[in-house]
Number of protein chains: 2
Amino acid sequence: MGRHREFDPDEALQIALQVFRRRGYEGTSISDLTEAMGITRPSLYAAFGNKEDLFRRTLDLYEHQHLCFAREALQAQTARDAVERLLRGYVEVLTDPMSPPGCLGVNGAVACSEANEAIREELIARRMVNENNLLDRLERARSDGDFPGDEVPADWARYVVSVGLGMAVRAASGASREELHRVVDVAMRAWPTAIR
Amino acid sequence: MGRHREFDPDEALQIALQVFRRRGYEGTSISDLTEAMGITRPSLYAAFGNKEDLFRRTLDLYEHQHLCFAREALQAQTARDAVERLLRGYVEVLTDPMSPPGCLGVNGAVACSEANEAIREELIARRMVNENNLLDRLERARSDGDFPGDEVPADWARYVVSVGLGMAVRAASGASREELHRVVDVAMRAWPTAIR
DNA sequence: TGCTTAATGTACCGATAGGTATAATAAGCT
DNA sequence: AGCTTATTATACCTATCGGTACATTAAGCA
């Protein structure tokens, strides 16, 4: 009952994702969003709550749509292969020609003033989930004998995520896909072998 | 001739650096700055031009005061040592207990809306200068036989800077100095040996 | 055909953004 | 002292921020 919505919320959310990804959370204004989505302010607020709610929705969409490769990557046969797939998959996302370069999560969190500390903490927490997933995989690998027993998995998970974050910054600055794959090439040279 | 300035521009610039470093370029308002500096708006504009000019001044100060270790680091005996000093020195800056965590350059550049693209490009250019200094050092090392001839220095310079950027993001998210040094530990494991 | 309900378009809210006009003030110079 | 000059303090500018009140429009239901 009542008037029908004249726009597709899923399509609108896709556009919001593009805008937030290009401009970051604080750099995006409600007017930026409504113009790009082709809807009015009250329609946006009625459909998505407030700016913070909308951003969280776009984060969910981003993870399900662009970061989903990580689950599969972690299921690779070896820990080394899992990590390389993780990094290379992330490079593809960061330099997807159909989207603004860089990572929604990283672009949003870095230069977030304390006025929006809730968002900052949310992004840090989500990043930590990914790091912990990788950590679990490395610990499993160590039990399997696939990862040296004298290495500290947490140190490696932290390293891998750090390399990813660095590439995200570079991507946002216009780095090419090839450049970032060469970063992965070098980063993987650190990988430990059982024989030392 | 004329009335004397009642504040020390150098001191004021130090405070501006702290504020910009904590809040980023766009996240810092003129009111944030004048309150912290203890001066009025017209005094700020008279002494430093506009917000963008002031930010560039703080960038200069930041580089001369906090990033100056890089020059010395690059003069180390071996390329490997130079790179390790570079990364460890950067960790110290990122987690300096006397300053807000993270890097002024990184925090400012990542989520900068295109309204301030001039600043974004300035920061990217300054970062590129540092990467090129490292690149020059690695190429010199290769001439000296201190770096394998079959390695591509540009790939390694890019890798090292990327690790630095990743650590900068982590630092801004609250990473400890110890955590970041462990990232350097792992990152240096990639370093190439002449015998392969 | 009303009646209800929900989405729309317009126009607005107070707060804050970066930046400035203007007048009062304090110094050096003659 | 009186003039000039540069810095202050107050008050204001326009534009935009996130968010909303309100009247209008379009749909389903009786």
Side-chain angles (χ1 to χ4, degrees), chain A residues 1-13 15-17 19-20 22-59 107-108 111-120 122-123, chain B residues 1-13 15-17 19-20 22-59 107-108 111-120 122-123:
Chain A
M1 172 170 319
R3 184 171 175 175
H4 290 170
R5 202 183 257 125
E6 293 181 2
F7 66 96
D8 179 351
D10 292 329
E11 265 181 53
L13 203 60
I15 296 173
L17 169 55
V19 178
F20 273 128
R22 172 157 48 236
R23 304 222 218 286
Y25 177 72
E26 291 193 336
T28 300
S29 71
I30 303 292
S31 298
D32 291 333
L33 291 165
T34 54
E35 275 177 39
M37 295 167 155
I39 65 177
T40 63
R41 293 166 89 80
S43 294
L44 186 147
Y45 278 91
F48 302 107
N50 61 13
K51 187 184 178 184
E52 199 173 315
D53 293 336
L54 174 57
F55 185 68
R56 276 181 231 270
R57 296 274 302 264
T58 68
L59 271 179
N107 293 4
C112 205
S113 69
E114 52 222 29
N116 301 101
E117 201 165 331
I119 290 293
R120 214 181 66 109
E122 164 101 29
L123 291 171
Chain B
M1 192 176 293
R3 183 171 175 176
H4 290 170
R5 199 181 261 126
E6 294 181 0
F7 65 98
D8 180 352
D10 292 329
E11 265 180 53
L13 203 60
I15 296 172
L17 169 55
V19 177
F20 274 127
R22 172 158 47 235
R23 303 222 216 288
Y25 177 71
E26 291 194 334
T28 300
S29 72
I30 303 293
S31 298
D32 290 334
L33 291 164
T34 55
E35 274 177 40
M37 295 166 154
I39 64 178
T40 62
R41 292 165 92 78
S43 295
L44 185 147
Y45 279 91
F48 302 106
N50 60 15
K51 186 185 178 183
E52 198 174 315
D53 293 335
L54 173 58
F55 185 69
R56 275 182 232 270
R57 296 274 302 265
T58 67
L59 270 179
N107 292 3
C112 205
S113 69
E114 52 223 27
N116 300 102
E117 200 165 331
I119 290 294
R120 213 181 67 110
E122 164 101 29
L123 291 171

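All chains are named by letter (A, B, ...) in the order of the sequence lines, taking the proteins before the strands, and each is independently numbered beginning at 1.
- What separates CD1 of B:Ile39 from P of D:dT7 is a distance of 12 Å, to the nearest Å.
- B:Ala12 and B:Met37 make their closest contact through O-CE, 3.3 Å (heavy atoms, listed as atom of the first residue, atom of the second, distance).
- One interatomic measurement links the two molecules: CZ of B:Arg3 to P of D:dT7, which rounds to 10 Å at whole-angstrom precision.
- In this structure, the separation between CG on B:Asn116 and CG on B:Leu123 is 10.5 Å, given to the nearest 0.5 Å.
- If you take CZ of B:Phe7 and P of D:dT7, they are 8 Å apart, rounded to a whole angstrom.
- Here the CG-CZ distance, from A:Leu33 to A:Phe48, works out to 9.5 Å after rounding to the nearest 0.5 Å.
- Looking at every heavy atom in both residues, A:Glu52 comes nearest to A:Ala118 through OE2-CB, 3.8 Å.
- Interatomic distance, B:Arg22 CZ to B:Asn107 CG, rounded to the nearest 0.5 Å: 11.5 Å.
- Of the two residues contacting DNA chain C, namely B:Thr28 and B:His4, the nearest-nucleotide position lying further toward the 5' end is that of B:Thr28.
- OP1 or OP2 of D:dC17 has at least one side-chain nitrogen or oxygen of A:Ser31 nearer than 4.0 Å.
- Taking CD1 of A:Ile15 as the start and OG1 of A:Thr58 as the end, the distance is 13.0 Å to the nearest 0.5 Å.
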Restricting both atoms to N or O, compile the protein contacts to nucleotides 19-22 of chain D shorter than 3.5 Å, with distance only.
residue, atom, partner, partner atom, Å
D:dG19, OP2, A:Tyr45, OH, 3.0
D:dG19, OP2, A:Lys51, N, 3.1
D:dG19, O5', A:Tyr45, OH, 3.4
D:dG19, N7, A:Arg41, NE, 3.2
D:dG19, N7, A:Arg41, NH2, 2.8
D:dG19, O6, A:Arg41, NE, 2.6
D:dG19, O6, A:Arg41, NH2, 3.4

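- Think of the region where chain A sits on DNA chain C: with heavy atoms and a 4.0 Å cut, that region ends 5' and 3' at C:dT5 to C:dT10.
- Within the structure, every side-chain polar atom (N or O) of B:Thr40 is placed at least 4.0 Å from both OP1 and OP2 of D:dT8.
- When heavy atoms are screened at a 4.0 angstrom cut-off, A:Thr34 is found touching no nucleic acid atom at all.
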Residue pair B:Leu13, B:Asp8: steps toward the side chain to side chain contact (heavy atoms under 4.5 Å, CB included) verdict: CA-CA 9 Å; B:Leu13 203 60; B:Asp8 180 352; over 6 Å; no

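- Residues in residues 31-45 of chain A take part in these salt bridge (Lys or Arg N to Asp or Glu O under 4.0 Å) pairs, two or more places apart or across chains: A:Arg23-A:Asp32.
- With a 6.0 Å cutoff to the six-membered ring centre and a 45° limit on the axis angle, A:Lys51 counts as a cation-pi contact of A:Tyr25.
- For the pair B:Arg5 CZ and D:dA9 C1', the interatomic distance rounds to 16 Å; values are reported in whole Å.
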